[in-house]
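Right, one structure below, let's go through it.
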There are 2 protein chains.
Amino acid sequence: MKKYSKQRELILNSLRKRKDHPTAERLYLDLKNEMPELGIATVYRNLSDLCEEGQVIRIKTSSGPDRFDGNTMPHIHFECKKCGDIVDIVLFENEVKQLDNDLKKFAKQISAEVDGSDITITGLCKKCKKKLR
Amino acid sequence: MKKYSKQRELILNSLRKRKDHPTAERLYLDLKNEMPELGIATVYRNLSDLCEEGQVIRIKTSSGPDRFDGNTMPHIHFECKKCGDIVDIVLFENEVKQLDNDLKKFAKQISAEVDGSDITITGLCKKCKKKLR
DNA sequence: ATAGTATTTGATAATGATTATCATTATAAT
DNA sequence: ATTATAATGATAATCATTATCAAATACTAT
């Protein structure tokens, strides 16, 4: 049976508040200020659990450790190839619907049952675009 | 200056021929039959190089090591949550175009310059769907 | 072909991220 | 309050990948 823990609550709340996508270690370092007795294993453990429950999203990056996202609204990600930054792109309901429809249609090809998707756009973010000129 | 090596050629050709998406280790073990002197570092090294050149695609999986894909035609992936299998979903030209358009439109929100995308559909594959009943 | 050089290889050590272990502590049920 | 169960934190262990480096190989200019 699942038990409450203030560590898990802290991790989830903090992730919901922030709009970046920290690594487990980044989150650990930041939270250690609020709760000095926090251990890094606890952070990894709870992040994994929260991901399984669907309360947190694990983002695989092209290089470097996983990032975590407390935003569970339907959205997609942009990853900058230059600076590695990951940004949310929020979709309108009709966009989500259209995208879901398309993906389901594609999945018919292989007779699979779709239950989710993971879309990442790559390129240059606003900042890095400017720096290049 | 880039030099030819029979190891790299073997790796690339083998990846082009197979339609699965092997891990570096799987590929290494398989190729070791054809070329017993092959070293695993050579496989990792060449796979990374080929990915940078755009001749091979690195697929991040939700758990487990990276998979590699020699198919550079525009396509998306399906990952089965049950068995972990990854399958290609090939798109028609018009589907690719529509998808690209949509993604570019989304990216405008954050003023980013798009140069690629990575789409994975998750769910149950044909086989696992059957097993469940 | 030959010598010279630059790159690649294979073996293995090192690293980085994540998970496993386990004694202690906190939460929940009786 | 007692007991049972799950979570924690410290740290060891694991897994995938990258770095190192001497030896082998590919290319270039003679």
Side-chain angles (χ1 to χ4, degrees), chain A residues 1-15 20-53 55-70 79 81 84-86, chain B residues 1-15 20-53 55-70 79 81 84-86:
Chain A
M1 191 254 210
K2 193 88 185 164
K3 279 184 188 172
Y4 169 86
S5 92
K6 55 181 190 300
Q7 288 85 343
R8 177 164 48 248
E9 185 174 49
L10 180 65
I11 288 165
L12 179 55
N13 281 340
S14 149
L15 217 41
D20 63 343
H21 304 89
T23 62
E25 201 193 3
R26 175 76 269 143
L27 192 59
Y28 163 72
L29 291 172
D30 292 349
L31 293 180
K32 216 165 166 50
N33 296 318
E34 292 181 53
M35 188 189 274
E37 73 275 23
L38 182 67
I40 191 151
T42 303
V43 175
Y44 274 105
R45 210 168 17 221
N46 279 296
L47 285 173
S48 290
D49 289 355
L50 290 165
C51 284
E52 277 191 21
E53 295 166 20
Q55 303 203 265
V56 165
I57 293 164
R58 180 190 300 266
I59 307 171
K60 294 273 172 183
T61 60
S62 52
S63 66
D66 292 356
R67 311 292 204 92
F68 295 88
D69 188 348
E79 178 177 356
K81 279 190 179 167
D85 228 39
I86 292 175
Chain B
M1 190 253 210
K2 194 87 184 161
K3 280 185 186 172
Y4 168 87
S5 91
K6 55 182 191 303
Q7 288 84 342
R8 179 165 44 250
E9 185 174 49
L10 181 66
I11 289 166
L12 179 56
N13 281 339
S14 148
L15 218 41
D20 63 344
H21 303 89
T23 63
E25 201 194 3
R26 175 75 270 142
L27 192 59
Y28 163 71
L29 290 171
D30 292 349
L31 293 181
K32 216 165 166 49
N33 295 320
E34 293 181 54
M35 188 189 274
E37 72 276 23
L38 182 66
I40 190 151
T42 302
V43 175
Y44 273 106
R45 210 168 17 222
N46 279 296
L47 285 174
S48 291
D49 291 353
L50 290 166
C51 284
E52 277 191 22
E53 295 166 21
Q55 303 203 265
V56 165
I57 293 164
R58 180 189 301 266
I59 307 170
K60 295 272 172 185
T61 61
S62 51
S63 66
D66 292 355
R67 311 290 205 94
F68 295 88
D69 189 347
E79 179 177 357
K81 277 188 179 166
D85 229 37
I86 292 176

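Values below: every heavy atom of this structure, side chains too, minus hydrogens, waters and symmetry copies. Chain letters run A, B, ... following the sequence lines, proteins first and then strands; every chain starts at 1.
Of the two residues near DNA chain D, A:Pro36 and B:Pro65, the one whose nearest nucleotide lies more 5' is A:Pro36. In terms of position on DNA chain C, the residue among A:Glu25 and B:Lys32 whose nearest nucleotide sits closer to the 5' end is B:Lys32.
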Extract from the structure each pairing of a protein N or O with an N or O of nucleotides 8-10 of chain C at less than 3.5 Å, listing the distance.
residue	atom	partner	partner atom	Å
C:dT8	OP1	B:Lys3	N	3.4
C:dT9	OP1	B:Ser5	OG	2.4
C:dT9	OP1	B:Asn46	ND2	3.3
C:dT9	OP2	B:Asn46	ND2	3.4
C:dT9	O3'	B:Gln7	NE2	2.9
C:dG10	OP1	B:Gln7	NE2	3.2
C:dG10	OP1	B:Glu37	O	3.1
C:dG10	OP2	B:Gly39	N	3.3
C:dG10	OP2	B:Thr42	OG1	2.4
C:dG10	O5'	B:Glu37	O	3.3
C:dG10	N7	B:Arg45	NH2	2.9
C:dG10	O6	B:Arg45	NH1	3.1

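Here B:Lys81 pairs with A:Asp115, B:Thr122 under the side-chain contact (heavy atoms from CB on, under 4.5 Å) rule; sequence neighbours left out. Residues satisfying the side-chain contact (heavy atoms from CB on, under 4.5 Å) criterion with A:Tyr28, sequence neighbours excluded, are A:Lys32, A:Leu38, A:Ile40, A:Val43. Partners of B:Asp20 according to the side-chain hydrogen bond (donor to acceptor under 3.5 Å, both in side chains) rule, which considers only residues two or more places apart in sequence or in another chain, are B:Arg18. Taking B:Asn46 as the reference, B:Arg8 meet the side-chain hydrogen bond (donor to acceptor under 3.5 Å, both in side chains) condition, with sequence neighbours excluded. Applying the side-chain contact (heavy atoms from CB on, under 4.5 Å) criterion to A:Asp66, with sequence neighbours excluded, gives A:Arg58, A:Lys60, A:Phe68. Taking the side-chain contact (heavy atoms from CB on, under 4.5 Å) definition, one finds that A:Glu9 meets it with A:Tyr4, A:Asn13, sequence neighbours left out.
Defining each end axis of the helix from C:dA1-D:dT30 to C:dT30-D:dA1 as the rotation carrying four pairs' C1' atoms onto the next four, with five pairs an end, the two axes are found to diverge by 40° to 10 degrees.
Side-chain atoms of B:Glu79 and B:Thr61 form no donor-acceptor pair, as typed in the model, at a separation below 3.5 Å.
The salt bridge (Lys or Arg N to Asp or Glu O under 4.0 Å) analysis of residues 43-52 of chain B, with sequence neighbours excluded, yields the pairs B:Lys2-B:Asp49.
Across all strands, B:Ser48 comes closer than 4.0 Å only to sugar-phosphate atoms, never to a base (heavy-atom distances).
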